[in-house]
Each structure stands twice: as C-alpha cells, then as structure tokens.
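Note that the structure is a prediction, hence the values are computed from the model and not measured. The figures here come from the full heavy-atom set of this structure, side chains too, leaving out hydrogens, waters and symmetry mates.
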Amino acid sequence: MTTVAPARPAAAAGPLSGARLTAAETWIFDLDNTLYPADCNLFAQIDRRMGEFIARHFGIGLDEARQRQKGFFQTHGTTLRGLMVEHALNPADFLDYVHDIDLAPVAPAPHLGAALDRLPGRKVIFTNGTVAHAGRVLGRLGIADRFEAVFDIIAADYLPKPREEPYRRLLDSHGIAPAGAVMVEDMARNLVPAAALGMTTVWVPTAAAWSQPDRPGEAAHIHHTAPDLPAFLAALPDPA
C-alpha cells in the first residue's frame, strides 16, 4: 500500500476551538482505523476478501479481480457500491463475506473507554461497514456500551461516505443538530461533508494514502487532529 507522511493541520481557533468539543451534544465516530489503531491492519483482510469475492463472482483471476475492485472504489466510493450499480449485486452476500475476518489484532481499549466516559453528550457510530461488523469490533475493544446507536451502510441505503446523503440521513434519523455535533474520522475526505453541514471535525491520521487530504480544500475541513485518539479525548477539559 502506498503511504505518505501524515499531514498535520493545526487545531482550529475561534468558534471551532476546543470549546465546541467540551460542549458537544453528540459525538459521531467512524469505526475502522479510528476507534482501533490502523496498525491492526484489518483492512488488509477485508481487502483480500473483497478480491476473493469478486474473483469467484465473475470467475476471474485474483489479479483481474483486484483491478476491478479498485475501479469500483475509485468510481463509486466503495467496492460494494460499484458492484450494486454496475452488476445489481445482492449487498448482503458481499458484506457477510468480506467482514468474516479475524479480529484477534484488535486489543481491548480500557483507556479509550475511560476517555469516552468523560465526553459530554451522545455517542454514535457512523460506518461504511455493517452493524454486525461494528458490534464485533466494539466488543473486542470493550466499548460497545458507550454508544447509543450504529448507523451503518444499510441504514444509509448503501450510499457510502463521503456522499452527503448518508450524513443528512444520520442527522435526521437520530435527531442530531450538526452545530452541536463532533465527527471523528480517519479519512480526511469523509470530514468534508461533516464540516460543510456545520459539524466540528476531528481527523485521526494514518500513514495510508487514502487517509490523507488529497484534494483541494480537504485540509480546510479538518478542525482538530488526533494522532492518538484516546490521549486526545482524555486531554479535553471537563465540561463547564
């Protein structure tokens, strides 16, 4: 995988300062590579299983399957969306297969749990994965009880981040006011719609190229940067 040195946008000042974090009404967290360290490398397992699924579905070799997979991702935002739009694939078959992975690399995260306990407001997961996958990961981390809901790709009608529609659907379905919400995410491009809708954003950078702000204006939508999420959350002052 191509990697680059993570960019480090400065924390925002003024109305998007730390005061917006400590007064947050709702915290919206991405799941994969955000709530657990990216070096767990679960995506390598998912990526491999996506290639296997495509190879079996179309009766092609793994190299050709990988090329198709990347084409779907580039064109449609996710491999699944490409398969659905271009080939009318049943999404349940794909999602069940690609999320059947070994979660042993994910260790319990008591420090993250303690940091989440200090946060004001509600806490929701917003993922391009599934409720079932999120439940397994949160169970491994030991933090499942900290979240009131998981808004997944199925609830989003299979429209992935960073399309704006699922963000609006999340806000509407859970009664979330964007001005009082904080979104935490490892992919910089997924923070663009959040900021545009009025949320405060926190980027959890990784070394992967797809984590980085790579299009004009993306970095401007990053209000805070948290290379170590538990430490970042634990360092927030207590709400007034």
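A perpendicular orientation is assigned to the rings of Phe126 and Tyr167, their planes being inclined by more than 60° (bins at 30° and 60°). Between His76 and Phe72, the ring-plane angle classifies as tilted under the 30° and 60° cut-offs.
Connection of Phe151 to Leu197 is established within a shared hydrophobic cluster, with ILVMFWY side chains joined at heavy-atom distances below 4.5 Å, either directly or through further cluster members. Note on Val85: it does not cluster hydrophobically with Phe73, by side-chain heavy-atom contacts below 4.5 Å among ILVMFWY residues. Neither Leu62 nor Phe43 shares a network with the other; the hydrophobic side chains, linked directly or stepwise wherever heavy atoms of I, L, V, M, F, W or Y lie under 4.5 Å apart, form separate groups for each. The hydrophobic clustering, which links ILVMFWY residues whose side-chain heavy atoms are closer than 4.5 Å, places Leu159 and Ile154 apart. One hydrophobic cluster, built from ILVMFWY side chains closer than 4.5 Å, cannot hold both Met183 and Val192; they sit in different ones.
Proximity of a side-chain donor or acceptor of Gln45 to a complementary backbone N or O of Asp102 within less than 3.5 Å is detected. With Ser211 contributing its side chain and Asp186 its backbone, the two residues share a donor-acceptor pair below 3.5 Å. Checked by atom type and distance alone, the side chain of Arg66 never pairs as donor or acceptor with a backbone atom of Glu52 at under 3.5 Å. Between the side chain of Thr34 and the main chain of Glu185, no donor-acceptor pair closer than 3.5 Å is present. Here the side chain of His174 pairs no donor or acceptor atom with the backbone of Leu170 at under 3.5 angstrom. Judged by distance alone, the side chain of Thr201 and the main-chain N or O of Leu191 form no donor-acceptor pair under 3.5 Å.
Scanning for side-chain contact (heavy atoms from CB on, under 4.5 Å) contacts around Asp117 gives Arg146, with sequence neighbours left out. Residues satisfying the side-chain contact (heavy atoms from CB on, under 4.5 Å) test with Glu148, not counting sequence neighbours, are Arg122, Val124.
There is a side-chain donor-acceptor pair under 3.5 Å between Arg56 and Tyr97. In this model, a donor atom of one side chain and an acceptor atom of the other lie less than 3.5 Å apart for His133 and Asp32.
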Between Arg169 and Glu165, is a salt bridge (charged side-chain N to carboxylate O under 4.0 Å, His left out) present by the stated rule, with each step listed? CA-CA 6 Å; Arg169 187 183 292 258; Glu165 298 98 313; over 6 Å; no
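Contact detail for Leu21 and Pro120: the closest heavy-atom pair is O-CG, 3.9 Å. Contact detail for Pro105 and Cys40: the closest heavy-atom pair is O-SG, 3.3 Å.
With a 6.0 Å cutoff to the six-membered ring centre and a 45° limit on the axis angle, Arg81 does not count as a cation-pi contact of Tyr158.
Note: Leu31 CG to Leu42 CG = 9.0 Å, rounded to the nearest 0.5 Å. Between Gln74 atom CD and Lys70 atom NZ the span is 8.5 Å, to the nearest 0.5 Å. Remark: Thr22 OG1 to Arg118 CZ distance equals 10.0 Å, nearest 0.5 Å. Distance check: Leu89 CG to Met84 CE gives 8.0 Å after rounding to the nearest 0.5 Å. One finds the CE atom of Met187 at 9.0 Å from the CD atom of Glu218 (value rounded to the nearest 0.5 Å). Residue Asp100 holds its CG atom at 4.5 Å from CZ of Arg49, rounded to the nearest 0.5 Å.
When the shell of 6.0 Å around NE2 of His87 is examined, it contains more than 12 heavy atoms from other residues, nucleotides or ligands. Within 6.0 Å of the CG atom in Asp63, the count of heavy atoms belonging to other residues, nucleotides or ligands does not exceed 12.
Residue Ile125 forms a side-chain contact (heavy atoms from CB on, under 4.5 Å) with just one option from Leu35, Val131, Ile28, Asp152, and that option is Leu35.
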